[in-house]
Trainee: 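Before I ask anything, here is the structure I am working with.
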Amino acid sequence: MKRLIYDYLVVRFGEIALKGKNKKSFVIKLENDIRHKLSRFSRLEIRRHFDDIEIRLNGDDQDQVLSVLRRIFGIQNISPAIKVENTVDAMCEGALRIVNEENGIRTFKIEARRKNKQFSVHSDELNRRLGASVLKNCPEVRVDVHHPDLTLRVEVGYRETRIYGHEYDGAGGLPVGSSGKVLLLLSGGIDSPVAGYLLARRGATIEAIHFQSPPYTSDRAKQKVVDLSRRLQSFGGTVRLHLVPFTKTQLAIRDAVPEDYRITIMRRMMFRIAEKQAAATGSLALATGESLGQVASQTLESMNTINSVTNLPVLRPLVTMDKLEIARLAKSIDTYDISIRPYEDCCTIFLPRAPRTRPDPIHAGRFERALPVDKLVEDAAHHIETLTFDGSQEDIFSNLL
Ligand code: ATP
Ligand code: MG
């Protein structure tokens with residue numbers, strides 16, 4: 001059986017630390033996230049401090065807890081730790097315990113720091129004394145101050161001293177929900193889920209909106225966005241998915257708009273409906289998976305013509321990324337395999353042979369005069385079906401309106 005050498009995992013916050021007066025509310029959000037995500041571990045004790053969150057393991061599995069923590073946004077890094085009394089002897093003993101039980105350590109370095117400046121032994125002196133004690137008792141290890149296998153960080157506090165083992169990277173970013181809500185236009189493709197992940201990482205709560213055109217699009221296409229939403233939920237808090245019936249709008253566009261402007265007008269209709277839904281859900285921005293120049297509808301002219309129908313900011317986290325980089329990221333967050341399942345995208349149904357790469361907003365506006373724009377938007381918005389994914393076994397399915 002594996003020996004348990006560490007009693008605690010200490011979580012450090014990264015960027016939250018820069019948030020000045022708001023720091024406390026950020027840290028409380030992070031603490032709530034951590035409690036929620038670790039709720040299946042029954043023995044843990046979680047305590048929030050000014051600079052970190054301390055998790056006492058009480059025998060729960062360190063590696064499992066660590067792997068959950070590493071997916072929570074807002075965490076910079078995590079270190080397993082033990083606590084000892086504030087005496088040099090106890091620190092020596094603690095350092096020794098860790099070096100002895102960490103497998104395969106050949107070189108080490110001590111990095112002591114006094115939070116408690118009243119403690120009479122200074123950091124340099126502590127480094128020397130603890131280092132000497134380890135060397136004396138463990139002849140097989142030596143000191144390497146540049147590239148040690150293990151840096152033993154010793155932090156002298158007011159009541160006790162923590163000694164940390166390895167430091168593990170966290171997911172970075174900001175706690176989910178700390179940046180407000182964004183309405184993500186989620187297709188079944190590779191790009192938009194990645195855009196959602198990057199926004200969740202920056203603290204946004206994701207509301208997703210998907211346009212479907214049954215019977216031209218099937219349940220398989222819907223299942224893809226459901227699975228993608230679940231995947232996004234595993235990183236973020238709750239994700240709500242709004243499914244918009246879009247067939248009527250697309251048929252109206254096909255009948256009234258010249259072929260080369262259909263994609264442009266379709267996107268403008270998506271933005272109009274999304275803007276309405278953003279207002280209904282308290283979302284302050286729209287987001288897409290667009291990347292500059294990737295396809296005809298993603299030129300700057302297209303973005304202008306499409307953007308001009310909404311006053312909301314449209315966030316495009318992937319705008320500067322290459323397809324290969326996006327695909328790599330999609331693989332690392334486990335959305336890629338879902339995205340490449342074959343399906344019918346509502347956009348591919350009426351795909352023009354040659355979409356206009358530099359559409360003009362004035363022309364677009366003129367073509368739209370042949371469409372009952374307001375009525376189509378109103379009608380689609382009224383028939384939205386909303387699914388909620390909150391990570392519980394049974395996700396809640398409900399109609400919003
Ligand atoms: P993706 O891989 O995200 O589908 P894409 O490279 O296929 O993107 P487009 O088809 O031009 O690019 O779509 C651009 C963006 O428009 C998508 O990233 C997505 O945000 C949005 N979008 C496209 N189709 C839909 C849809 N059916 N429902 C919701 N949003 C959509
Ligand atoms: Mg697509």
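One-based numbering along the sequence shown. Just so you know, ligand 1 is whichever comes first in the structure, and atom 1 is the first atom listed for that ligand.
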Trainee: Output yes when Asp7 and Arg162 qualify as a salt bridge under the 4.0 Å nitrogen-oxygen rule, no when they do not.
Mentor: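 Looking at Asp7 and Arg162, the cut-off is not met.
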
Trainee: Check this for me - ligand 1, Gly188, N or O atoms closer than 3.5 angstrom, yes or no?
Mentor: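 No: no nitrogen or oxygen of Gly188 is under 3.5 Å from one in ligand 1.
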
Trainee: May I ask you to establish whether Lys23 and Phe13 are in a cation-pi arrangement, using a distance under 6.0 Å from NZ or CZ to the six-membered ring centre and at most 45° from the ring axis?
Mentor: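 Geometry flag: not set, cation outside 6.0 Å or 45°.
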
Trainee: Kindly confirm or rule out a cation-pi arrangement of Lys115 over Tyr158, judged by NZ or CZ under 6.0 Å from the six-membered ring centre and within 45° of its axis?
Mentor: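 Output no; distance or angle outside limits.
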
Trainee: Residue-level breakdown please: for Leu186 versus ligand 1, do any non-hydrogen atoms fall below 4.0 Å on the side chain, on the backbone, on both, or on neither?
Mentor: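 The answer is the backbone of Leu186.
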
Trainee: Out of Gln298, Met266, Gln212, who is nearest to atom 12 (O) of ligand 1 when you count heavy atoms only?
Mentor: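 The residue whose heavy atom sits nearest atom 12 (O) of ligand 1 is Gln298.
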
Trainee: Do the numbers put Arg272 on top of the ring of Phe246, so that NZ or CZ is under 6.0 Å from the six-membered ring centre and no more than 45° off the axis?
Mentor: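 Arg272 over Phe246 ring: no.
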
Trainee: Would you kindly say whether Gln223 and Asp219 are connected by a side-chain donor-acceptor distance under 3.5 Å?
Mentor: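 No - no donor-acceptor pair under 3.5 Å links their side chains.
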
Trainee: Could Arg71 and Phe235 be counted as a cation-pi pair, given that NZ or CZ must be under 6.0 Å from the ring centre and within 45° of the axis?
Mentor: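 Here Arg71 passes the 6.0 Å and 45° test against Phe235.
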
Trainee: Answer with yes or no whether Val244 contacts ligand 1, where contact means a heavy atom under 4.0 Å from a ligand atom.
Mentor: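 It does not; every heavy atom stays at 4.0 Å or beyond.
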
Trainee: Rounded at 0.5 Å granularity, tell me how far CZ in Arg12 sits from CG in Asn77.
Mentor: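 Going from the CZ atom of Arg12 to the CG atom of Asn77 covers 5.0 Å.
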
Trainee: At less than 4.0 angstrom from any non-hydrogen atom of Gly189, what atoms of ligand 1 do you find?
Mentor: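 Listed by number with element: 1 (P), 2 (O), 4 (O).
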
Trainee: Is it the case that Arg153 places NZ or CZ above or below the six-membered ring of Tyr164, under 6.0 angstrom from the centre and within 45 degrees of the axis?
Mentor: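 Positive - Arg153 is close enough to the ring of Tyr164 and near enough to its axis.
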
Trainee: Using a strict cut-off of 4.0 Å, indicate which atoms of ligand 1 neighbour a heavy atom of Thr288.
Mentor: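 Those of ligand 1 that fall under 4.0 Å from Thr288 are 20 (O).
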
Trainee: Give a yes/no verdict on whether any heavy atom in Met270 is under 4.0 Å from an atom of ligand 1.
Mentor: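 For ligand 1, residue contact (heavy atoms, under 4.0 Å) with Met270 is present.
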
Trainee: Got an N/O contact under 3.5 Å between Leu185 and ligand 1?
Mentor: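 N/O-N/O distance below 3.5 Å exists for this pair.
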
Trainee: Of the side chain and backbone of Arg267, name the one, both, or neither that has a heavy atom under 4.0 Å from an atom of ligand 1.
Mentor: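 Answer for Arg267: side chain.
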
Trainee: Within a distance under 4.0 Å of any heavy atom of Ile209, pick out the atoms of ligand 1 and give their elements.
Mentor: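 Selected atoms, number and element: 29 (C).
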
Trainee: Do any nitrogen or oxygen atoms of Gly289 lie less than 3.5 angstrom from nitrogen or oxygen atoms of ligand 1?
Mentor: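 Yes - when backbone and side-chain N and O of Gly289 are compared with those of ligand 1, one distance drops under 3.5 Å.
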
Trainee: Considering only heavy atoms of Ile190, which atoms of ligand 1 have at least one such atom less than 4.0 Å away?
Mentor: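 Heavy-atom distances to Ile190 below 4.0 Å select 2 (O).
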
